[in-house]
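Residue numbers start from 1 in every chain, and the chains themselves are labelled A, B, ... in the order their sequence lines are given, proteins ahead of strands.
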2 protein chains.
Amino acid sequence: MDVRTICLGILTRGDATGYEIKKLFEDGRFSYFVEASFGSIYPALSRLTEDGLVSVREEAGGRRPDRKVYSITEKGKSTFVAGLNGPMPDDRFRSPFLFAMMFSNFLDQTRIAAMIDGYIADTEAKLAQITCECGRPCNAQEAFICGYGRTAYSAVLGFLKERRKEFKTDAAIAAAE
Amino acid sequence: MDVRTICLGILTRGDATGYEIKKLFEDGRFSYFVEASFGSIYPALSRLTEDGLVSVREEAGGRRPDRKVYSITEKGKSTFVAGLNGPMPDDRFRSPFLFAMMFSNFLDQTRIAAMIDGYIADTEAKLAQITCECGRPCNAQEAFICGYGRTAYSAVLGFLKERRKEFKTDAAIAAAE
DNA sequence: CCCGAGCTATATCAGACCAATATAGCGGAG
DNA sequence: CTCCGCTATATTGGTCTGATATAGCTCGGG
């Protein structure tokens with residue numbers, strides 16, 4: 001999903017600075033499927049402002065740099081909704097971990113075990129983030145998104161823990177000797 | 001995973017043209033977690049050649065453009081393996097579908113149902129691709145990767161089919177009247 | 001025979017995005 | 001005082017994408 005659309009979507013929830021926009025979609029429940037850098041958020045907001053989809057007001061409060069608060073316009077909102085009703089881009093999943101596992105014949109068991117352990121830990125952290133945030137009241141949309149993330153990560157964790165047993169570390173080999 | 005590494009990895013499996021490299025990682029068992037465009041493959045191969053990690057020979061067989069077959073060098077191979085033993089970049093998952101579901105309050109039930117149906121169909125296609133390719137003999141690496149993909153997509157499908165029941169289409173509503 | 005579609009194969013380009021960095025503060029801890 | 005973490009804006013060189021261009025070859029249909 002292009003960064004302009006992401007910004008519009010966040011702004012339908014309320015006014016925000018560029019920094020806050022990034023913080024909002026980095027909220028744990030959403031961060032597993034949305035990402036954008038400041039390097040693309042600010043140019044996107046500028047462009048949206050030029051195009052009349054967003055308006056901006058500056059708040060000078062003795063802070064340098066000044067705080068720029070963005071609001072979505074009616075034009076912006078209808079453009080956003082039209083996009084939701086248009087062609088849906090495909091999901092994208094890239095995994096250096098799986099790519100590395102594809103060539104694990106080049107690695108020793110300790111390295112493989114360490115990679116899997118690290119990936120399990122990362123996955124558990126992601127899962128915990130989704131789950132604990134969901135202790136707050138969830139609307140239907142959030143419940144769907146959390147449910148999807150929990151389902152996927154839980155399944156992957158189960159798979160990894162099962163397969164992890166096949167890989168011994170040097171420490172485990174030494175202990176068996 | 002950067003495109004240079006992807007090309008090196010594929011070339012450890014055997015010599016290939018730029019076009020073949022793309023075809024090889026578009027093989028259904030791997031395509032769910034690796035992707036790169038010609039726009040980045042050719043510059044990457046050029047750079048790898050300059051850097052001595054890859055060598056290239058041209059086959060002129062009356063074909064225009066000529067066929068350029070790339071081979072990995074010993075330097076390339078050791079660089080690739082060193083990379084596998086180095087810091088592992090994070091996975092990336094981007095989902096316009098989930099982003100749209102996050103704002104499904106702007107959509108009517110028919111649109112939501114259609115989106116879910118489309119996503120289910122896509123997911124089933126991906127799952128079928130992994131599964132049927134795996135009818136061929138799998139080495140341990142391929143078995144791991146296929147197992148991961150099957151586990152994740154199957155879990156997601158189960159979740160979606162369950163939740164799909166909550167959304168009625170106009171046709172289903174009309175049939176009930 | 002001709003045409004079109006699909007495939008193999010190389011290459012490029014404008015636009016989108018990233019990671020890192022710079023700048024400018026403020027507040028808190030050592 | 002210094003350093004770290006945070007809020008906040010902005011930029012830049014490098015990487016990648018999707019689309020496109022070019023150059024064939026093969027096969028099937030008219």
Point to revise | Spacing of A:R92 atom CZ relative to D:dT17 atom P, expressed in whole Å | key: 6 Å
Practice item. Check whether any side-chain N or O of B:K68 sits under 4.0 Å from OP1 or OP2 of C:dA11, and answer yes or no. Key: yes
**Study point:** Spacing between A:Y19 atom OH and D:dT9 atom P, to the nearest angstrom
**Key:** 10 Å
Practice item. Quick one: label B:A36 by what it contacts on the DNA or RNA (base, sugar-phosphate, nothing), any heavy atom closer than 4.0 Å. Key: sugar-phosphate
Practice item. Report the distance from atom CG of A:D117 to atom CZ of A:R164, rounding to the nearest 0.5 Å. Key: 4.0 Å
Practice item. Using only heavy-atom distances, determine whether the side chains of B:E26 and B:S31 contain a donor-acceptor pair under 3.5 Å. Key: no
Point to revise | Length of the CG-P vector between A:D66 and D:dT9, whole Å | key: 9 Å
Practice item. With the side chain of B:K23 defined as its heavy atoms from C-beta on, choose the nearest nucleotide among C:dT8, C:dA16, D:dC16. Key: C:dT8
Exercise for review: Map A:I41 and B:E20 onto DNA chain C by nearest heavy atom, then report which one ends up closer to the 5' terminus.
Suggested key: B:E20
Study note, to complete from the structure: Closest to the 5' end of DNA chain D, once B:F38 and B:R47 are matched to their nearest nucleotides, is B:R47
Review point. Between B:S37 and D:dT17, does any side-chain N or O lie under 4.0 Å from OP1 or OP2?
Key: yes
Exercise for review: Looking at every strand, decide which applies to A:T17 at a 4.0 Å heavy-atom threshold: base, sugar-phosphate, or nothing.
Suggested key: sugar-phosphate
Review point. What's the CG-P distance between A:D90 and D:dG18, to the nearest Å?
Key: 9 Å
Check your understanding: Can you list the steps and then say if A:D51 with A:R47 is a salt bridge (Lys or Arg N to Asp or Glu O under 4.0 Å)?
Key -> CA-CA 6 Å; A:D51 291 348; A:R47 179 72 185 281; 3.3 Å; yes
Practice item. Assess the side chains of A:S46 and A:T49: does a donor N or O sit below 3.5 Å from an acceptor N or O? Key: no
Exercise for review: Find the distance A:E35:CD to C:dC17:C1' and express it as a whole number of Å.
Suggested key: 10 Å
Review point. How long is the line joining CE of A:M1 and C1' of C:dA16, in whole Å?
Key: 15 Å
Review point. Given the rule in the salt bridge (Lys or Arg N to Asp or Glu O under 4.0 Å) test, do B:E20 and B:R67 qualify, once you have shown the distances and angles that lead to the verdict?
Key: CA-CA 11 Å; B:E20 281 167 349; B:R67 205 172 134 82; 3.6 Å; yes
Review point. How close or far is atom C1' of C:dA9 from atom CD1 of B:I21, stated in whole angstroms?
Key: 12 Å
Study note, to complete from the structure: note: A:R67, atom CZ; D:dA10, atom P; distance rounded to Å ~ 13 Å
Practice item. Quick one: label B:G39 by what it contacts on the DNA or RNA (base, sugar-phosphate, nothing), any heavy atom closer than 4.0 Å. Key: base
